[in-house]
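In what follows, a structure is listed as structure tokens, so that the remarks can point back to it.
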Amino acid sequence: MVLLHVKRGDESQFLLQAPGSTELEELTVQVARVYNGRLKVQRLCSEMEELAEHGIFLPPNMQGLTDDQIEELKLKDEWGEKCVPSGGAVFKKDDIGRRNGQAPNEKMKQVLKKTIEEAKAIISKKQVEAGVCVTMEMVKDALDQLRGAVMIVYPMGLPPYDPIRMEFENKEDLSGTQAGLNVIKEAEAQLWWAAKELRRTKKLSDYVGKNEKTKIIAKIQQPLQQQIIRLHQELGRQKSLWADVHGKLRSHIDALREQNMELREKLRALQLQRWKARKKSAASPHAGQESHTLALEPAFGKISPLSADEETIPKYAGHKNQSATLLGQRSSSNNSAPPKPMSLKIERISSWKTPPQENRDKNLSRRRQDRRATPTGRPTPCAERRGGV
């Protein structure tokens with residue numbers, strides 16, 4: 001028996017035995033089935049771990065929606081009421097929004113997890129290090145174990161749209177996913193050894209000889225043309241996805257930019273109003289005086305405006321300042337006639353009418369001379385006061 005160490009790229013996958021007389025058509029299909037079967041077990045284990053944590057899958061029209069959105073749209077999960085785990089459910093919300101959150105209890109959860117570990121061990125890559133060959137019968141045994149565990153925990157079955165049920169029924173849709181890129185169709189699979197393609201029209205012994213104890217490293221892959229086509233499809237899908245995301249981000253940025261422009265316009269309008277108010281207040285300096293005059297009217301009656309001559313401040317007369325005078329009329333009789341309105345006269349200080357310094361000096365010298373010229377026979381006011389005492 002020739003021992004084949006199957007790899008995908010540089011990554012080890014599993015060991016497989018086949019007679020040297022095996023047709024390569026049959027061998028290639030067998031290797032592809034085991035390879036794809038291992039991928040199926042891995043996908044089932046991943047989904048069953050989520051099943052144990054968060055319950056069954058939500059309907060496609062409810063996935064990713066919040067509770068408020070579901071209530072607003074009046075959506076209902078009919079399969080969620082039917083597919084109840086054995087022993088009752090424990091609520092554990094799924095943050096991703098793919099499952100209904102009705103998880104199995106701890107006992108049923110352990111049933112699922114234990115089965116998952118056993119299935120992973122069957123198809124593990126560690127089997128290569130242990131020298132254990134993987135056959136299609138071992139893959140089917142792992143699938144049966146997983147199916148049985150799901151039936152124990154969910155005796156009523158799973159919804160038809162649940163990926164676990166779809167995997168068991170071979171109805172899975174892997175288009176546009178990374179898992180779909182990993183799958184190799186049996187009709188397109190190729191085996192390569194020593195940089196040579198093992199053509200399906202020949203036998204294995206045509207390449208490795210008739211020694212049944214030969215061990216070879218065979219790589220499974222798709223034809224180069226098919227790989228290029230799939231890569232182009234994946235690239236196109238990613239481009240459309242990024243274009244959609246970019247469009248949403250662009251629209252969001254445009255909306256924020258419009259809001260920013262509106263806020264700037266409002267700020268400019270407020271600054272313009274403030275500037276106009278300041279300009280108006282600076283153009284009317286007597287606005288405060290008019291308001292003060294209106295406040296004085298209830299106490300003193302109506303105050304008439306002053307003329308240009310009356311609106312003055314005391315002039316200088318020598319060194320004496322004249323204070324503002326209040327002119328009014330008093331009634332000569334003691335009758336109860338109301339007082340007449342008063343007018344307030346303020347004399348304005350004229351800085352240009354201030355006596356010059358020369359005049360001030362002259363007045364001062366005159367006063368000194370008058371004091372010296374006082375008659376000696378005439379007593380001064382101070383002497384008179386002393387004599388009287």
Side-chain angles (χ1 to χ4, degrees), residues 1-49 112-147 149 167 170 172 174 177-200 202-224 226-227 230:
M1 299 288 285
V2 178
L3 182 64
L4 283 78
H5 181 186
V6 181
K7 289 186 176 183
R8 176 74 188 269
D10 294 331
E11 187 177 359
S12 297
Q13 299 297 322
F14 56 92
L15 297 178
L16 182 70
Q17 286 183 338
S21 59
T22 306
E23 295 287 342
L24 285 174
E25 175 72 26
E26 179 183 352
L27 180 61
T28 303
V29 172
Q30 182 182 358
V31 172
R33 285 179 181 175
V34 174
Y35 173 79
N36 292 331
R38 292 177 66 257
L39 294 178
K40 178 186 282 289
V41 173
Q42 292 175 0
R43 293 194 301 269
L44 278 168
C45 291
S46 177
E47 291 294 341
M48 287 177 64
E49 288 175 352
L112 291 174
K113 288 188 174 181
K114 184 178 179 181
T115 308
I116 291 170
E117 292 176 359
E118 293 176 355
K120 285 183 175 180
I122 294 174
I123 55 103
S124 175
K125 296 176 182 179
K126 294 181 180 180
Q127 299 281 40
V128 176
E129 300 175 0
V132 178
C133 296
V134 179
T135 62
M136 196 61 199
E137 286 73 18
M138 296 171 64
V139 174
K140 289 181 179 179
D141 183 51
L143 293 174
D144 291 338
Q145 290 183 19
L146 295 174
R147 184 183 291 105
E167 287 282 359
N170 296 322
E172 67 273 14
L174 303 177
T177 64
Q178 183 63 34
L181 294 177
N182 292 333
V183 175
I184 298 177
K185 295 181 180 180
E186 297 177 4
E188 299 175 357
Q190 291 180 347
L191 290 178
W192 286 69
W193 172 64
K196 297 179 181 179
E197 180 185 355
L198 305 181
R199 298 185 178 277
R200 296 193 177 196
K202 295 184 178 182
K203 294 181 180 181
L204 181 58
S205 59
D206 294 338
Y207 292 93
V208 300
K210 296 182 179 181
N211 186 1
E212 294 291 335
K213 294 183 179 180
T214 303
K215 180 180 178 181
I216 66 172
I217 297 176
K219 293 185 178 181
I220 183 172
Q221 63 184 34
Q222 297 173 328
L224 183 59
Q226 295 296 329
Q227 293 183 36
R230 285 201 175 189

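Taken from CD in Glu118 to CD1 in Ile123, the straight-line distance is 13.0 Å, to the nearest 0.5 Å. Distance check: Leu3 CG to Glu212 CD gives 12.0 Å after rounding to the nearest 0.5 Å. Within the model, atoms SG of Cys45 and CG of Leu112 stand 11.0 Å from one another, a figure rounded to the nearest 0.5 Å. Of the inter-residue distances, the one linking Cys133 atom SG with Leu4 atom CG reads 9.5 Å to the nearest 0.5 angstrom. The NE2 atom of His5 sits 6.0 Å away from atom CG of Leu15, with the distance rounded to the nearest 0.5 Å. Rounding to the nearest 0.5 angstrom, the gap separating the CD atom in Gln145 from the NZ atom in Lys114 is 10.5 Å.
Side-chain contact between Leu39 and Gln42 is present, with heavy atoms from C-beta onward closer than 4.5 Å. Taking 4.5 Å as the limit, every side-chain heavy atom of Tyr35 sits out of range of all side-chain heavy atoms of Val6. Looking only at side-chain heavy atoms (C-beta outward), Leu16 and Val134 stay at 4.5 Å or farther from each other. Looking at heavy atoms from C-beta onward, Gln190 lies out of side-chain contact with Ile220 at the 4.5 angstrom threshold. At a threshold of 4.5 Å between non-hydrogen side-chain atoms, the residues Leu44 and Leu143 count as touching. Annotation: side chain of Lys219 is not in contact with side chain of Arg8 (no heavy-atom distance under 4.5 Å). Inter-residue side-chain proximity for Leu27 and Leu198 is flagged as unmet; no heavy-atom pair is nearer than 4.5 Å.
The minimum heavy-atom distance linking Leu146 with Ile116 is given by the pair CD2-CA, 4.2 Å. Arg38 approaches Phe14 most closely through the heavy-atom pair CD-CD2, 3.7 Å. Across every non-hydrogen atom of Gln127 and Ala121, the tightest pair is NE2-O, 3.4 Å. For Ile184 against Gln221, the heavy-atom pair with the smallest separation is CD1-CA, 4.1 Å.
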Next item on the list: Take Glu172 and Thr177 through the test side chain to side chain contact (heavy atoms under 4.5 Å, CB included) and record every step on the way to the result.
Entry: CA-CA 12 Å; Glu172 67 273 14; Thr177 64; over 6 Å; no
Note to self: Applying side chain to side chain contact (heavy atoms under 4.5 Å, CB included) to Val139 and Val41, what does each step give before you reach the verdict?
What the structure shows: CA-CA 8 Å; Val139 174; Val41 173; 4.2 Å; yes
Next item on the list: Assess whether salt bridge (Lys or Arg N to Asp or Glu O under 4.0 Å) is satisfied between Glu26 and Arg200, documenting all intermediate values.
Entry: CA-CA 8 Å; Glu26 179 183 352; Arg200 296 193 177 196; over 6 Å; no
Side-chain donor/acceptor pairs under 3.5 Å, residues 202-211, sequence neighbours excluded:
residue	atom	partner	partner atom	Å
Ser205	OG	Gly20	O	3.4
Asp206	OD2	Lys203	N	3.0
Tyr207	OH	Arg199	N	3.3
Asn211	OD1	Lys213	N	3.1

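Side chain of Thr28 to main chain of Glu25: no donor-acceptor pair is present (N/O by atom type, distance under 3.5 Å, no hydrogens or angles).
Using a 4.0 Å cut-off between charged nitrogen and carboxylate oxygen, Glu167 and Lys40 count as a salt-bridge pair.
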